[in-house]
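This report concerns only the one structure given below.
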Amino acid sequence: MKTALITGISGQDGSYLTELLLAKGYVVHGIVRRSSMIGNTSRLDAVYQDPHDSGRRLFLHHGDVTDAGLLVNLIRDIRPDEVYNLAAQSHVRVSFDLPDYTANVTALGAIRLLEAVRASGIDTRIYQASTSEMFGTAAPPQHETTVFHPRSPYGVSKLFAHWATVNYRESYGMFAVNGIAFNHESPRRGETFVTRKITRAVARIAAGLEKRVYLGNLDAVRDWGYAPEYAEAMWLMLQHGEPVDYVIATGRAATVRDFADAAFSHAGLDWRDHVEHDDRYERPAEVPELVGDPAKIEREIGWKARVYWDELARIMVDADRNALRSGT
Ligand code: NAP
Ligand code: G4F
């Protein structure tokens with residue numbers, strides 16, 4: 001029975017990865033931030049196991065990737081076979097307001113974890129959640145050897161974490177890999193990312209609860225995939241014979257406008273009647289066009305996206321409408 005440690009277990013990806021690993025028979029440990037409310041683990045409700053259950057395989061530990069001692073202690077005690085570093089201040093727009101904090105969590109958090117693994121001396125495999133945001137203004141399609149040009153404190157922080165992962169691999173021979181994931185979404189996506197913001201608004205507008213949604217740049221192009229499939233790619237990368245970095249993407253992209261059109265149309269609405277512009281959602285520097293080239297991961301690992309952005313919009317609208325109807 002393998003053991004995994006997941007930072008960021010309460011996030012969108014952490015919850016799907018937990019379900020995948022539990023289904024594969026893993027013992028899963030996750031780090032969750034202490035909160036004054038218990039709601040920050042709600043994405044894990046379906047797999048939550050009471051501490052008193054005998055034979056449970058999911059263990060949650062209070063912690064934070066800004067606390068080096070905690071990381072050292074947990075890794076020494078758990079001795080995981082696999083470590084997935086998904087913790088981050090992951091919102092690009094917010095990172096312009098919180099650059100110092102974002103760097104502390106998203107950049108330094110990664111090197112703290114790498115160093116904790118190195119200090120423990122255990123033989124473990126590490127997945128670092130890298131991002132297409134590091135490509136910034138690089139021309140599409142972006143692939144593993146495209147030159148990075150990040151455009152936000154978040155992108156800069158992730159680039160530090162990315163190269164720290166490469167450096168620990170090269171310096172210490174650790175099995176540490178970067179998954180350079182393009183945008184991936186789901187009904188569990190945070191409500192302030194543009195896809196979920198749109199699909200939630202569609203559900204509320206279709207139900208007569210709201211009339212409009214305010215958005216920023218509609219011209220941005222993104223390669224949106226389906227988050228559960230990206231959790232599978234993360235796991236596959238750690239089962240591979242060699243530690244190799246991969247782009248994880250669908251290879252197909254659309255504008256924010258296209259996504260809004262698909263989402264509103266699915267509910268029988270015209271996006272032009274309901275979308276208004278608000279400057280506050282623009283960024284000081286934008287990433288104009290992200291379209292990944294997934295050829296390498298398809299060829300070497302056999303992972304391939306199955307859900308593309310238009311079906312994804314429909315999945316998310318249906319989920320938000322159902323949730324509204326059932327009051328969940
Ligand atoms: P998410 O939903 O925002 O989840 C982020 C997770 O990190 C949450 O569990 C959050 O805890 C946790 N976290 C934040 N600050 C922390 C800290 N100081 N210490 C410990 N945990 C902390 O992000 P996601 O969409 O699942 O993405 C997972 C990872 O992949 C992130 O690193 C993200 O940057 C990266 N990524 C995402 C995408 C994408 O399109 N989704 C693409 C490329 C890369 P709370 O629940 O308490 O906030
Ligand atoms: O949904 P977004 O906030 O995602 P963004 O900035 O691409 O970042 C996400 O994907 C990255 C991978 O490339 C991850 F690393 C990162 O953690 C995160 O998951 O914005 C997508 C696009 C942007 O161009 C933004 O300017 O949508 C545009 N947009 C237009 N109106 C908006 C809005 N974005 C948000 N969040 N809210 C708006 O109202």
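Just so you know, ligand 1 is whichever comes first in the structure, and atom 1 is the first atom listed for that ligand.
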Open item on the list: Measuring from non-hydrogen atoms of K158 to any atom of ligand 1, is the shortest distance under 4.0 Å?
Closed with: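 K158: in contact with ligand 1 (<4.0 Å).
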- [ ] Closest by any non-hydrogen atom to atom 2 (O) of ligand 1: pick that one out of R34, Q12, R222.
- [x]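 Nearest heavy atom to atom 2 (O) of ligand 1 lies in Q12.
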In terms of residue, atom name and distance, what is the protein heavy atom nearest to [atom]?
atom: atom 4 (O) of ligand 1; value: G11 CA, 3.4 Å
atom: atom 47 (O) of ligand 1; value: R33 NE, 3.1 Å
atom: atom 20 (O) of ligand 2; value: R283 NH2, 3.5 Å
atom: atom 31 (C) of ligand 1; value: L86 O, 3.1 Å
atom: atom 14 (C) of ligand 1; value: A88 O, 3.2 Å

TODO: Would you please say whether a donor-acceptor pair under 3.5 Å links the side chains of Y168 and E115?
DONE: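 On atom types as modelled, these side chains qualify, holding a pair under 3.5 Å.
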- [ ] Show which atoms of ligand 2 fall inside a sub-4.0 Å distance from at least one heavy-atom site of T192.
- [x]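 This gives 35 (C), 36 (N), 37 (N) as the contact atoms.
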Open item on the list: Under a 4.0 angstrom heavy-atom cut-off, which atoms of ligand 2 come close to K197?
Closed with: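 Answer for ligand 2: 38 (C), 39 (O).
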Task: Taking every non-hydrogen atom, the tightest pair across E276 and R212 - done: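 The answer is OE2-NE, 3.1 Å.
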Open item on the list: Once you restrict to heavy atoms under 4.0 Å, what part of H91 touches ligand 2? Side chain, backbone, both or neither.
Closed with: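 It is the side chain that gets close, since no backbone atom is under 4.0 Å.
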